[in-house]
4 protein chains.
Amino acid sequence: MSEGRRGAVRSEAARTAILTATSSLIERLGYDRVTIEGIASEAGVGKQTIYRWWPSKSAVVAECLLEGALIPETFEPQDTGDLAADLSEWLERALGFVSTHHSLLHSLIGAAVENEEVGQRLYERLGASPEVLAERLRVAQAAGQLRAGVSVEQLVDAIVGMLIARLLFGAPIRSDDAHGFIDLILHGATPNRPQ
Amino acid sequence: MSEGRRGAVRSEAARTAILTATSSLIERLGYDRVTIEGIASEAGVGKQTIYRWWPSKSAVVAECLLEGALIPETFEPQDTGDLAADLSEWLERALGFVSTHHSLLHSLIGAAVENEEVGQRLYERLGASPEVLAERLRVAQAAGQLRAGVSVEQLVDAIVGMLIARLLFGAPIRSDDAHGFIDLILHGATPNRPQ
Amino acid sequence: MSEGRRGAVRSEAARTAILTATSSLIERLGYDRVTIEGIASEAGVGKQTIYRWWPSKSAVVAECLLEGALIPETFEPQDTGDLAADLSEWLERALGFVSTHHSLLHSLIGAAVENEEVGQRLYERLGASPEVLAERLRVAQAAGQLRAGVSVEQLVDAIVGMLIARLLFGAPIRSDDAHGFIDLILHGATPNRPQ
Amino acid sequence: MSEGRRGAVRSEAARTAILTATSSLIERLGYDRVTIEGIASEAGVGKQTIYRWWPSKSAVVAECLLEGALIPETFEPQDTGDLAADLSEWLERALGFVSTHHSLLHSLIGAAVENEEVGQRLYERLGASPEVLAERLRVAQAAGQLRAGVSVEQLVDAIVGMLIARLLFGAPIRSDDAHGFIDLILHGATPNRPQ
DNA sequence: TGATAATCGAGACGGTACGTCCTGTCTTTCA
DNA sequence: TGAAAGACAGGACGTACCGTCTCGATTATCA
């Protein structure tokens, strides 16, 4: 078990202070106005302590997301058996959060561009991770609630993509869009479907 | 009629040189490694000439997009009467472009986070502008090819959002996803639709 | 006589406005915080109008001195026949002016470093020009009031130099130093002189 | 004892490189064509390292003078008991130096206008510091070699001032002026002195 | 009296340097 | 020996001026 490791061990206090400071600064200033020096100073920590454990600012942000320091809530679709209701209810909650934390989310998309891991963590936090949203869809697929040939990945991309697109392009976000959007996705845009 | 404007007039040569240099540098280095100083030097222009006409790097990029300096091609859905075919064909072209210019597009999303106008111009260039994609959909709606109650905006967001989501989250992009995705959107994910 | 000069003639109004603006700005800001653009703007004049007639900022200052725009008073030693009294009275006035316009004079020394002509004009304005102070001394020399072998130039340099040295090195300047200094210069520092 | 100072210590190598580069550039280009960026580049140093320790270009020059980087020689009057001979010999050396380094000294007067400390250091370097030239004069005063009522400060100002005046106003400087000037100062300009 | 030529205010232009901020690395001291 | 403090080389920022140029309007002379 012991592999001859000597000397002081990584300070949990410092690590926590860094994540807290980062989250707080991002909320106050937005991602791109946050600097490593600002984090170090806010956290009462040396810059080197940050660089020792993370390769970049965006990596710290990724860990903030992982720890729930930035987005404490979780958004998981339920499984009541009613796919449309479950998805609508989930998307309503997600859209509600996004609309009230518009600038935070906008910031995080910026971080995601720099660092793919941030994107993944963000994806997960909003309940759209492979293990959560996709799982719910796969359950539905298994229950025959999805057409044959429908790609779960495409389905997820359509839903999450709508969310991202609204954030990026400044379109208004209202949680009561949720039902209509899920209806569109599940039942299609055309009036008649070939059986 | 004359509104008393005196003094030398804006140099079109300088303006063009700046847009050209910016486009070239973004393609070579990626948006976030491009600097105002780099643009000025590449364009053979003083920094002040940039700051005189644009407030920020991202604003220059927005104008590059507007002028077609970054994305010369345009992607407009046709109107053959067959909505599914038109959209599939268009999305296929767009996905093809995106997949072969992955890093450019990734860059531009970064610029779009900084500057909403970049997002709008990017949106438009990909054929998803209100005047183009949405127009095609409205035509379809008028022709009864869309269900009542379907929001054209949501439809567009779902399609473009998918594109953005793939770019951001590193998912593979292949132009032969187009048909399946349009089918999903138009006909829905569920096997039976309440009539 | 006429050498075929065609076109508009130099605007005296512009010339005067420039000299006035320059003098005013130097008094308010000090020579080195005055800029050509500042002068042009204050004078309501185009930059080119300054560059057309003067090669540099310091040349404008030299003309300001020449016109008495910066130092309206003149300081000329009288000739009552009493050399010591004349010089004391003159130096007292000069030191009085210098002590009450300390920062202006300091500024002008800066201009003199850049442009020798400014030095000459300054020199003249304080009454130490070859045509004035040196002339008074030459009169005294002719009247046998100066020793044989005494160089008038050295005498002038000693007096004016003291003034400059005090300005440059921040020593206090009081007009009642004048009598003692002239006494020193005229009668020497040593108690006994070889006859 | 320990006053709790943590962190890396000031780099003597950087400090020396900056002073050396500054001196070299001033000699090559003259004070006003030297820039902070030029110094930094010549010294292989970041600009911030200059701004961290000096508030301005002229402050760096003051330190150059203090370290003897610009004027390595020192000019101190001897004390052989013969005041006139000591001062003549000293002034001859000083004038000799000034005449062979005319443009350097001209430059330094420009720096002295910007920064009083440069003036003081320059003063000192030429042997005219309170602790040196004035001391020699005070010794002479104590030995009864100066008249009662003669101000040592005025004496020093007359001598150094002559030097400055010649530099500023472009008068020729020749080291054989020294004897005559000291004779003038010590024995006065007038042929007869009231006993 | 119209063409020519010079001036004027205005202001854009290519540049240079400013002083500040931040990056990522290295060094010193403390606990 | 890990962590704070902080100095370091470097690079970009956005601003201020430089000295030149171009623009349209306004004089003045000459043909």
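Not measured: the values here are computed from a predicted model. The chains referred to below are lettered A, B, ... by the order of the sequence lines, with proteins before strands, and numbering in each begins at 1.
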Does D:S107 reach the main-chain N or O of D:G30 with its side chain, forming a donor-acceptor pair under 3.5 Å?
no
Rounded to the nearest angstrom, tell me the gap between atom CD in A:E42 and atom C1' in F:dA5.
18 Å
Side-chain donor or acceptor of D:Q48 under 3.5 Å from a matching atom on the base of E:dC21?
yes
Ignoring backbone atoms, establish whether C:R6 has a side-chain N or O less than 4.0 Å from OP1 or OP2 of F:dT29.
no
How do B:E12 and C:A43 order along DNA chain E: which one's closest nucleotide is nearer the 5' end?
C:A43
Taking the side chain of B:R52 as heavy atoms from C-beta outward, which of E:dA12, F:dT29, F:dC18 is closest to it?
E:dA12
Give D:G44 one of three labels, base, sugar-phosphate or nothing, depending on what nucleic acid heavy atoms sit under 4.0 Å from its own.
sugar-phosphate
Could you state the NZ-C1' distance from A:K57 to E:dC21, rounded to the nearest angstrom?
13 Å
For C:W53 and E:dC8, is the shortest distance between a side-chain N/O and OP1 or OP2 below 4.0 Å?
yes
Side chains of A:T16 and A:E12: is there a donor and an acceptor less than 3.5 Å apart?
yes
Of B:V34 and A:T49, whose nearest nucleotide on DNA chain F comes first from the 5' end?
A:T49
Whole-Å gap separating P (E:dT16) and CG (D:D32)
17 Å
Nearest listed nucleotide, side chain of A:Y51, among E:dT29, E:dT27, E:dT25:
E:dT25
Hey, is the side chain of B:W54 poking within less than 4.0 Å of OP1 or OP2 on F:dG14, counting only N and O atoms?
no
Could you tell me how far apart B:R15 (CZ) and E:dG14 (C1') are, to the nearest whole angstrom?
19 Å
With respect to the side chain of B:A14, which nucleotide from E:dC13, F:dG19, E:dG9 is positioned closest?
E:dC13
Atom CD of B:E37 and atom P of E:dT16 are separated, to the nearest Å, by 12 Å
Given atom CZ of C:R33 and atom C1' of F:dT15, what is their separation to the nearest angstrom?
17 Å
Check: C:K47 side chain, F:dG19 base, donor-acceptor under 3.5 Å
yes
Output the rounded distance in Å from CD1 (C:I36) to C1' (E:dA10).
16 Å
To the nearest angstrom, how far is B:I39 atom CD1 from F:dA12 atom C1'?
12 Å
Ion pair B:E37/B:K57, N-O distance below 4.0 Å
no
Output yes when D:R121 and D:E116 qualify as a salt bridge under the 4.0 Å nitrogen-oxygen rule, no when they do not.
no
Can you establish whether the number of heavy atoms outside D:R33 located under 6.0 Å from its atom CZ is more than 12?
no
Side chain of D:S11, heavy atoms from C-beta onward: which of F:dC18, F:dC8, E:dG24 has the nearest atom to it?
F:dC8
Starting from the 5' end of DNA chain F, give me the residue, C:V9 or D:R10, whose nearest nucleotide shows up first.
D:R10
List the steps, then state whether side-chain hydrogen bond (donor to acceptor under 3.5 Å, both in side chains) holds for C:R15 with C:S11.
CA-CA 6 Å; C:R15 186 181 146 276; C:S11 156; over 6 Å; no
